[in-house]
Amino acid sequence: MTSNTRVVVIGAGLAGARLARRLGELGVPAVLVGEEDHPPYNRVLLADVLAGRYTPEVIALPAPAEITRGRVTGIDRAAREVTCADGSVIAYDTLVLATGSNPVLPALRGLFDPQSDPQRHELPDGVHAFRTMDDCLGLSKAVRPGAKAVVIGGGLLGVSAARALARRDAQVVLAQQAERLMERQLDPSASKLVRRHLTDLGVEVHTESRVRGVRCVGGAVRSVEMADGYALDADIVVLACGVRPRVSLAVRAGLAVHKGVLVDDELRTSDPHIRAIGDCAQHDGQVYGLATPALEQADVLAELIAAEARGEVGGDASARYTGTRALTRLTLAGGDFFDLAAFGDPEPRPGDDVVQLADATRGTYRKVVVRDDRLVGGVLVGELGTVGALARAWEGAEPLPRDGAPLLHLLTNDGGS
């Protein structure tokens with residue numbers, strides 16, 4: 001690879017925009033191909049845009065010099081070219097897939113018109129996915145004080161969307177199929193605090209509640225039908241049922257794909273000229289779907305590509321991606337501020353040590369799990385001054401002192417975070 005190597009990055013989300021910018025800083029120009037009409041933005045903050053706390057401009061990302069607008073429809077690996085929907089062709093020496101993920105659209109009765117194109121997934125009026133800036137702006141335009149809104153899904157995204165709609169004075173019902181909110185990240189005690197926070201905002205929360213379908217009149221949603229036969233009136237429905245890696249382009253190109261596009265420690269796919277990062281990538285069996293791993297992958301790949309551009313065989317030997325111990329953080333800002341963090345495995349096994357501190361008056365909760373003298377997981381709700389120190393102890397995976405005092409200190413003090 002030479003210094004005039006053409007690097008093409010497909011996807012202008014967090015991972016793609018970060019990679020293109022870092023490559024530019026390292027003297028390797030890259031062409032960033034973005035499907036959305038908006039400048040690159042921080043998807044993590046879309047709920048704050050919906051809540052009215054930020055404008056779209058505030059969450060814009062630093063953009064590289066060259067951005068091409070368009071949807072890539074195919075990859076010709078032999079010719080090393082990508083084809084766009086408008087017929088244009090872009091040649092590459094190194095191609096990077098940063099295609100992100102798609103929202104999961106549940107198989108609900110009445111959600112799609114059986115006569116419509118199944119590839120387009122056109123939703124009825126009033127039904128919104130919540131993944132892109134256009135989704136956010138469409139939902140923001142639709143919501144009004146007193147509107148009846150049903151959020152389907154009680155994970156991180158559903159909780160954020162429900163709170164944002166409540167702050168816009170909508171009448172919000174959240175329907176979660178699992179027995180508690182954010183069950184993948186939080187333990188039961190922390191889930192209760194999240195539920196209490198939403199309830200205090202006026203959100204009606206239904207757990208262990210399965211949605212069967214939506215009822216539409218004239219192409220617009222009118223109600224949500226529950227499995228028990230109960231119907232929820234709805235002017236707005238938000239689908240917050242998770243995401244899955246966007247890999248159709250990679251599949252059509254014949255790359256190795258499991259849940260995501262398979263990559264090695266150099267973020268290389270089964271084609272040595274194609275890399276993958278972010279939500280679409282699967283490394284060592286893991287698809288993260290979180291911001292921190294995506295940014296770490298982008299930084300590592302920038303160093304590797306820059307080293308290869310300098311003619312260093314095998315790239316920068318110190319630049320390898322070996323995985324991310326990712327912390328989930330949810331900050332719900334404003335006058336009714338709410339902050340939580342979760343990392344590792346918060347559910348103890350037999351023989352584990354557990355330290356818990358709770359203050360019902362202040363609405364704070366802290367719990368850590370120690371296994372074989374190592375911090376393996378934790379949940380913190382409210383007053384997160386300790387989260388930095390705890391996260392560092394967890395990420396380092398170093399044995400903790402056996403007397404336990406330093407761990408209690410980490411739970412009750414700032415710890416330098």
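Side-chain atoms are counted along with the backbone in the values below, which use heavy atoms only and exclude waters and symmetry mates. These figures come from a predicted structure and were not determined experimentally. All residue numbers refer to positions in the sequence shown, counting from 1.
With respect to R69 and D37, no salt bridge is recorded, no charged nitrogen being found less than 4.0 Å from a carboxylate O. Between K148 and D235 there is no salt bridge, since no side-chain nitrogen of the basic residue lies less than 4.0 Å from a carboxylate oxygen of the acidic one. Remark: E225 does not engage R210 in a salt bridge, criterion side-chain N to carboxylate O under 4.0 Å. A salt bridge links R22 to E303: at least one charged side-chain nitrogen sits closer than 4.0 Å to a carboxylate oxygen. Salt-bridge check for R144 with D169: failed, with every basic side-chain N at 4.0 Å or more from each acidic carboxylate O. Ion pairing between R18 and D299 holds under the 4.0 Å rule for side-chain N and carboxylate O.
Inspection of the Q171 and E204 side chains reveals no N or O donor paired with an N or O acceptor under 3.5 Å. For D134 and T132, the side-chain atoms include no donor-acceptor pair closer than 3.5 Å.
Counting only distance, with no hydrogens or angles, the side chain of D271 and the backbone of H273 share a donor-acceptor pair below 3.5 Å. Side-chain N or O atoms of R275 include none that pairs as donor or acceptor with a backbone N or O of L301 at under 3.5 Å.
F130 places a side-chain heavy atom less than 4.5 Å from the side chain of L50. Between R371 and R349, the closest side-chain pair of non-hydrogen atoms falls below 4.5 Å. A heavy-atom distance below 4.5 Å is found between the side chains of V194 and V159. Side-chain contact between L181 and V205: present, with at least one pair of heavy atoms (C-beta onward) separated by less than 4.5 Å.
For the side-chain hydrogen bond (donor to acceptor under 3.5 Å, both in side chains) with S191, the lone residue among E179, Q185, R180 that qualifies is R180.
In D228, the CG atom is crowded: over 12 heavy atoms of neighbouring residues, nucleotides or ligands sit closer than 6.0 Å. Residue R244 qualifies as open at atom CZ: its count of foreign heavy atoms under 6.0 Å is 12 or below.
Aromatic ring orientation, Y288 versus Y321: perpendicular (interplanar angle above 60°, classes split at 30° and 60°).
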